[in-house]
Amino acid sequence: MPKMFVEVLLDQNLARPLDYEVPANMRIEVGMRVEVPLKSTLKKGTVSKIKDSSQWETVKPVARVISENGELSDAQWKLARWMAQYYSAPLQRVLKCFIPVNVRKEVKEKTQIFLKVAKTHDQCIKAIELFRLKAPAKAHALEEILNAPKGAYLADLQVSKSAVTSLIKDQWISAQSVKLSSELLLEEEFFPTAPKKLNAEQQSCLNAIQNSLEKGGFSAHLIYGVTGSGKTEVYMQAIAAALAQNKSAIMLVPEISLTSQTIERFKARFSERIAILHHRRSLGERTTAWEDLKKGQAKLVIGARSALFCPAQNLGLIIVDEEHDSSYKQSDEIPCYHGRDTAVMRAHIESCTILLASATPSVESRYNASVGKYQLHQLLSRATAASMPKVKIIDMSGVFERNQGFTHFSEELLDGIKKRLGKGEQILLFLNKRGYHRMQVCSSCRHVIKCPHCDLALTFHKSGGFLQCHLCDYRQQLVRGCPNCQSTETLSFRGFGTEHVERSLHAIFPEVRTLRMDRDTTAKKNSHEEMFKQFRAHKADVLIGTQMIAKGFHFPSVTLVGVLNTDATLNIPDFRSPEQVFQLITQVAGRAGRAELNGEVIIQSFLPDHPTLKLAASQDYSAFYDAEIEERKRFGYPPFCHLVKLLFTDPDEKTAQTNAESAYQRLKNTLPKPFEILPVMPAGHAKVKDLYRFQFVIKVMKIGAISSHLAEIQGAKIDVDPISVYF
Ligand code: ADP
Ligand code: ZN
Ligand code: ZN
């Protein structure tokens, strides 16, 4: 019998696949998980190719097949290979997206400890209060278990094991060793909601999607629908249509809007089992969801970016909600893929329908619609009685003069807040910076106190009493004297963050109840969601927060939104800055007046005449797009070309720069024309975590034309279609 060989990609990060021989009695397929000998140990990997010869003299045999079924479908393989090539990433790094760590580890312990409270709710509440002082760990553990009405896996809780043991011993909770399954976690019954009768705009959009689903084959749709126009209702009916054809559907949403509010809307509509995938879910939950999908037991997937790689069977529909959202792009890790674009590719490969939607479609997607690649659907009015909010720009330099100094709040905003407080309505205040003061500066020599590890000013956090770096989380005490000019009384604070805004608001309205939402207050698991629930339940009048508060939430009693300052973002020298500011303001503004009450939005700025702000204020997406696409064309930015950013980092500044320069020279001399290559520059943050950063950008018409050249560049982080050319 002729010999057979395979190429195996090891899980550990080796640059190239290794050859192994297939023992005579072993059945093997591309995609299978295998164990192979390397040096003196066995390593796990994935078969990436089968062939009948090997260039090597001696090739060791595959030791064993870990899983019989090919781990990936043909379509998944195709997508992985496309990603590896398009994003210039090693295939094994790409495969990590498709075979998540839990599946790789072959979760051995098939049983888990399942915990439930064993006493009444009231008894537990009392006990928690008692424990709080003497045994806080126990109080915390009991509280966490009490918060999961159907019980919880021990492995999913962030609680002390000894506290749990003691709670079991004293019979506060019961423990059961169970086989891992999703059944136990099936949440409360929902009153099923019937599909709503669609308005004309929604209906014509749904018809087009249904048409595509029936015809089969690849087709792409883009919904431009203002906030509250009923996009979600269209998604649900489109999904129902796909499920009715016995096909499965994947809906991607930005991580931050994947909350129980979103999930409940879908659970209440669909009786099918829904697989929910995102990184906050535990290993157990994710493994179960993955297996349900492979077996075809779950047909509807809702998840963040990475859910796009899931093994959904017989895929009919992919939806990318808020398709403009930059969190779809993986920028900090290889492969630097864009979830939206990769989703379009998956739809292509699987010959299915894809639906992108946003209130502020990305310039690229809107352009694709205008050249006929996507079918465009517009939902221009709100689906309910709610009207669009009124938006006003306030010139803060005038406010500065009248106040003879800085204040967070213009007279209009203060009046607005006062009025809402009087009526028992709610307010959102948006500010793109957390902390108390942005930085400490010497007024005599202008020295800024920076992070010793990064090229960034340290932010003062008053609640913690320390300075903190927002890039690497380094902390230190406040600086007393200027380290540069040694003067002792010249250090002062500049700029403000959410903490300061909250304090100032309390100084003006002593009775006001506030909630602050930023990375500082939402570090704990689920706290993000808890705060939203509290705010919805009207436990606070004002919600102050960073971009976290801008997304997807529906607060019926919010009637005023204040945008305190986005000038800094407007000033970032990046071709996407205007787009980002426009999107952000539109999204935040969209939180106002989502119900019967009319909404008002106040944008405060020192650049009140900035065209982007004006367009955002008039909420005229079409005008914004028309202006922006002109700019992109004039200056040669996407969608009129593709960008590739190559980033070189090194602990030594000179080395980082030299590496960047030599790659630059090499590409400049070898890339096929036409292309443009921009000079090597320090990145927007020139140093992060003790690594110096240099980068350059290439402009080309087709990525495919330069892929092989990029693949030869060593030591760079290659970012194809980067979100930012600056950072
Ligand atoms: P979007 O996703 O575009 O922001 P939603 O789908 O959340 O909008 O819809 C906003 C509100 O309008 C929701 O309360 C939703 O239930 C309601 N809604 C959507 N479509 C309809 C419809 N056809 N008739 C009545 N109400 C609708
Ligand atoms: Zn100084
Ligand atoms: Zn730092």
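As a basis for the values below, the full set of heavy atoms in this structure was taken, side chains included, without hydrogen atoms, waters or symmetry mates. Start at 1 and go down the list; that is how both ligands and their atoms are numbered. Treat the numbers as computed from the prediction; the structure is a model and nothing was measured.
With hydrogens and angles ignored, the 3.5 Å screen pairs no side-chain donor or acceptor of Q587 with any backbone N or O of T227. A donor-acceptor pair is defined here as one N or O able to donate and one able to accept, closer than 3.5 Å; such a pair exists between the side chain of E233 and the backbone of K196. For the pair K329 (side chain) and C336 (backbone), a donor-acceptor distance under 3.5 Å is present.
When the heavy-atom distances from atom 5 (P) of ligand 1 to E322, R382, R265 are ranked, the shortest goes to R265.
Defined by atom type and a distance below 3.5 Å, a donor-acceptor pair is missing between the side-chain atoms of H685 and D455. T459 and R438 are not linked by any side-chain donor-acceptor pair at a separation below 3.5 angstrom, with hydrogens and angles left out of the test. For the residue pair Q468 and H461, a side-chain donor N or O sits within less than 3.5 Å of a side-chain acceptor on the partner. Judged purely by distance below 3.5 Å, without hydrogens or angles, the side chains of N207 and Q203 pair a donor atom with an acceptor atom. Between the side chains of R420 and Q426, no donor N or O sits under 3.5 Å from an acceptor N or O.
Atoms of ligand 1 found under 4.0 Å from any heavy atom of A383, numbered from 1 in the order shown, are 12 (O), 18 (N), 19 (C), 20 (N), 21 (C), 27 (C). Remark: ligand 1 atoms within the under-4.0 Å shell around heavy atoms of L198 are 23 (N). Of all atoms in ligand 1, listed by their number and element, those nearer than 4.0 Å to a heavy atom of K197 are 22 (C), 23 (N), 24 (N).
Note on the Zn ion (ligand 2): protein N/O/S atoms under 2.8 Å are C442 SG, C445 SG, C482 SG, C485 SG. For the Zn ion (ligand 3), the neighbouring protein N/O/S atoms at less than 2.8 Å, given as residue and atom, are C451 SG, C454 SG, C469 SG, C472 SG.
Taken from CG in L456 to NZ in K450, the straight-line distance is 8.0 Å, to the nearest 0.5 Å. Note that the OH atom of Y374 and the CD atom of E323 stand 7.5 Å from one another [nearest 0.5 Å].
Counting heavy atoms closer than 4.0 Å to ligand 1, residue Q202 contributes side-chain atoms (C-beta onward) but none from N, CA, C or O. Of all the heavy atoms of E201, none lies under 4.0 Å from any atom of ligand 1, so neither backbone nor side chain is involved. Counting heavy atoms closer than 4.0 Å to ligand 1, residue K231 contributes atoms from both its backbone and its side chain.
Taking 4.0 Å as the cut-off, G225 does not count as a neighbour of ligand 1 on heavy-atom distance.
Relative ring orientation between H500 and F496 is described as tilted, the plane-to-plane angle lying within the 30° to 60° band. In this structure, F624 and Y621 have tilted ring planes: the angle between them lies in the 30° to 60° band.
Tested against M251 for a side chain to side chain contact (heavy atoms under 4.5 Å, CB included), the candidates V301, I274, I319, T232 yield a single pass: I319.
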